[in-house]
There are 4 protein chains.
Amino acid sequence: MSTSTNKRDDIIHSALTLFAERGFDATTIPMIATDAKVGAGTIYRYFDNKEVLVNTLFQHYVTLFSDTLEKNYPEEDSIYQKFHHLFQGMVRFTNEHDHALYFIKTHASAYFLTADSREQFSHLLMILQNFFDEGKKKKQIRKLPSQALIAIMFGGFLQLYQLIRAGEIEASEDLLVGVEESFWDAVRHHQ
Amino acid sequence: MSTSTNKRDDIIHSALTLFAERGFDATTIPMIATDAKVGAGTIYRYFDNKEVLVNTLFQHYVTLFSDTLEKNYPEEDSIYQKFHHLFQGMVRFTNEHDHALYFIKTHASAYFLTADSREQFSHLLMILQNFFDEGKKKKQIRKLPSQALIAIMFGGFLQLYQLIRAGEIEASEDLLVGVEESFWDAVRHHQ
Amino acid sequence: MSTSTNKRDDIIHSALTLFAERGFDATTIPMIATDAKVGAGTIYRYFDNKEVLVNTLFQHYVTLFSDTLEKNYPEEDSIYQKFHHLFQGMVRFTNEHDHALYFIKTHASAYFLTADSREQFSHLLMILQNFFDEGKKKKQIRKLPSQALIAIMFGGFLQLYQLIRAGEIEASEDLLVGVEESFWDAVRHHQ
Amino acid sequence: MSTSTNKRDDIIHSALTLFAERGFDATTIPMIATDAKVGAGTIYRYFDNKEVLVNTLFQHYVTLFSDTLEKNYPEEDSIYQKFHHLFQGMVRFTNEHDHALYFIKTHASAYFLTADSREQFSHLLMILQNFFDEGKKKKQIRKLPSQALIAIMFGGFLQLYQLIRAGEIEASEDLLVGVEESFWDAVRHHQ
DNA sequence: CATGAATGAGCTTTCATTCAT
DNA sequence: AATGAATGAAAGCTCATTCAT
């Protein structure tokens, strides 16, 4: 019957938004506290310090994203089917967790990430890398280093997503179909 | 007679490197001063404050990049020729100004950018936008919002460039040819 | 029917130990609560605040110590008998209330003591002062200000007691006899 | 021609006074800054943090005290001569460095002392221990553990000194002569 | 011009205290 | 009566900025 949500979740949500919008260093604990409508001290009941907070957040969303990509992965289907699955995963994750993917990207090489966080992120990259490696072996993906292909897709997608969030373009069904096609053409092997 | 280069340039160079590597907020004035081998106070002889410094830097490199793209723009040639010119411009600019493009991207939506800086950045986008608009009119570029096409290319390229700087992949001639092809396939109109 | 001892006593006991070991300012309320196995809020049911707690403690043990010294004081006996009584009182009190005397000494001139606490402490000093005054009048105690004699004995004894608690020397019967002799020689009138 | 003293010394002096009067934990950096008439940040130009400050202070005065005791130590003279030298050293050091000895004693077993600091303090104790050990061997010092004898003398002297500083008794020549006699009787071997 | 010691505003963090349960 | 989650005031500390040299 209570309308109040869980405080820990409020903090996580506020921190995610602010870290994504301003970056870790430009986000202060008082900012997060105000946004989450809790006292500054309360944040320290849930997280030992600011770096633990950002790492917890990072690992949480990286894991969630990895899970999204791995769930129902069409192991037996065509490369294109797999590509489609991954792309749709990106779109869905992005819709369900507003700032999460952008937060992940902008903080993925930050100086304050722990070994744990880096490892989780490596796992995420590995999922994508495996896909591209398989595709290249089957001569259906362009002969470029998998890391490069990931960068092209990830980098492009997130840059695009920022535009959508900024309201500069609309995330219509048409747009997403077109973008998926564009990325597929960017990475697929052309005769 | 002095062998030392211009102090203002030293400061700009150090600031660019550090802002690109650590971000604006994680970079302190003493860090820049130490790296540039000048006193901290000296920075304030050339720049009113830290925000002026970062905006000066931003505008400087955005302008330089715009100039690179506009110079010798093949106004009369094919869309592909123009694409090739723009891509080569990105590559060349990136080689000549080590951290500049990455700095531009990571700071392009920062909270501390002045109207001036945002305008300069808009101009840069406009160059690319004009190209895509023209290409779409001539049915040689994919029917997607130009902003989306820019995001895909810019975002992808810079993500890729980060890998190169991090030493994770090598910027061979082959790679660049392959990447150019990939981007061209991403943006061109397919029958 | 409960096996647990009185909560107020638990708090007093834990506070005494921690104040003696770490000092008032380095001891936090949560530390005391944890050690006493009560909630932090419970401490405030028994004591208005931390300063009230430390003053209550101080007065409690100062009074207890005064009582120990006054009880069975050999009013009619020789100065040496009285000295012996006082010294034995110190030893006994120290054995019965582990950290109490050390806590008293280290907090006897603290900035947070109330007038009440200071008065109680004065009473304790008065007991000793009366003894020394009488002894000097009877020419059996060294001609030094009584306060000085108290300082010498109290200061020395507690410093010694710290060593015993730290386990650096053992509180054997021999040691105590020797120490009593030493103090007696320090304060008695020599021909 | 300047009347201003060295800022580092001002900080050290203020810190010594406050640490001695209130203790480490009850002394705040702003208190020290105010007392030393410097900005709070200035303290951090000279000392990395509060613990470094207190350890620097501790080692400085322990070394100074050790030097005072060791200088002109009458290696060839009688035990009593040596005792006199040590006692006079304590008196002189105490007069020259107002709060130093009290600060040393009250912080000598603090939780924040570094290994270095503890070592320096051990060296100081060793000087006294060697004296007592030699005296006992020559049967001129009471048969008690040297540590106990040190505690009696040190503890008593400092407790006394506090009275003097508090203005409760006056440090007349007579007093000091009497106190020296008292301590000598406390520690010397009696037939 | 150039410097870096000095500053204090504002950061991260702790902890005495309150209060809903 | 007892609790411990929540709070915010104030601590330790950093760093953009100033200014005497």
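The chains referred to below are lettered A, B, ... by the order of the sequence lines, with proteins before strands, and numbering in each begins at 1.
The stretch residues 35-43 of chain C touches DNA chain F through C:V38, C:G39, C:A40, C:G41, C:T42, each having a heavy atom within less than 4.0 Å of the strand. Within residues 24-33 of chain B, the residues approaching DNA chain F are B:T27, B:T28, B:I29, B:P30, by heavy-atom distance under 4.0 Å.
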Dot-bracket notation for DNA chain E, counting Watson-Crick and G-U pairs under 3.5 Å, with | for partners on another strand:
.||||||||||||||||||||
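Under the 6.0 Å cut-off for aromatic ring centres, C:H107 and C:F103 qualify, their centroids lying closer than that. Here the two rings, on D:Y102 and D:Y161, have centers that are 6.0 Å apart or farther.
When the side-chain contact (heavy atoms from CB on, under 4.5 Å) test is applied to D:A108, the partners found at least two apart in sequence or on another chain are D:F58, D:F121. Under the rule for a ring pair (Phe, Tyr, Trp, His ring centres under 6.0 Å), B:Y44 has no partner lying at least two apart in sequence or in another chain. A search for ring pair (Phe, Tyr, Trp, His ring centres under 6.0 Å) contacts involving C:F47 returns nothing, not counting sequence neighbours. Scored by the side-chain contact (heavy atoms from CB on, under 4.5 Å) test, B:T34 finds no partners at all (sequence neighbours excluded). For C:Y46, there are no ring pair (Phe, Tyr, Trp, His ring centres under 6.0 Å) partners, not counting sequence neighbours. Under the rule for a ring pair (Phe, Tyr, Trp, His ring centres under 6.0 Å), the partners of A:Y61 that lie at least two apart in sequence or sit in another chain are A:H97.
Using a 4.0 Å heavy-atom criterion, one finds that C:Y46 contacts the sugar-phosphate atoms exclusively.
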Under 3.5 Å, side-chain donor or acceptor atoms of residues 15-23 of chain A against the rest of the protein: list the pairs with distances, not counting sequence neighbours.
residue: A:T17; atom: OG1; partner: A:H13; partner atom: O; Å: 3.0
residue: A:R22; atom: NE; partner: A:A26; partner atom: O; Å: 3.2
residue: A:R22; atom: NH2; partner: A:A26; partner atom: O; Å: 3.4

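For the pair D:R45 and C:N49, both in contact range of DNA chain E, the more 5′-proximal nearest nucleotide belongs to D:R45.
First and last contacting nucleotides of DNA chain F toward chain B (any atom under 4.0 angstrom from a heavy atom, 5' to 3' order): F:dC15 to F:dT18.
In this structure, the OH atom of D:Y44 is 18 Å from the P atom of E:dG10, given to the nearest Å. Regarding C:L18, its CG atom lies at a distance of 12 Å from the P atom of E:dA16, rounded to whole Å.
Across every non-hydrogen atom of D:I32 and D:I11, the tightest pair is CG2-O, 4.1 Å. The heavy-atom pair separating B:T42 from B:V38 by the smallest distance is CB-CB, 4.1 Å.
Side chains of B:T63 and B:S66: a donor-acceptor N/O pair is absent below 3.5 angstrom, by distance only.
For residues 98-109 of chain B, the salt bridge (Lys or Arg N to Asp or Glu O under 4.0 Å) pairs, not counting sequence neighbours, are B:D98-B:R165.
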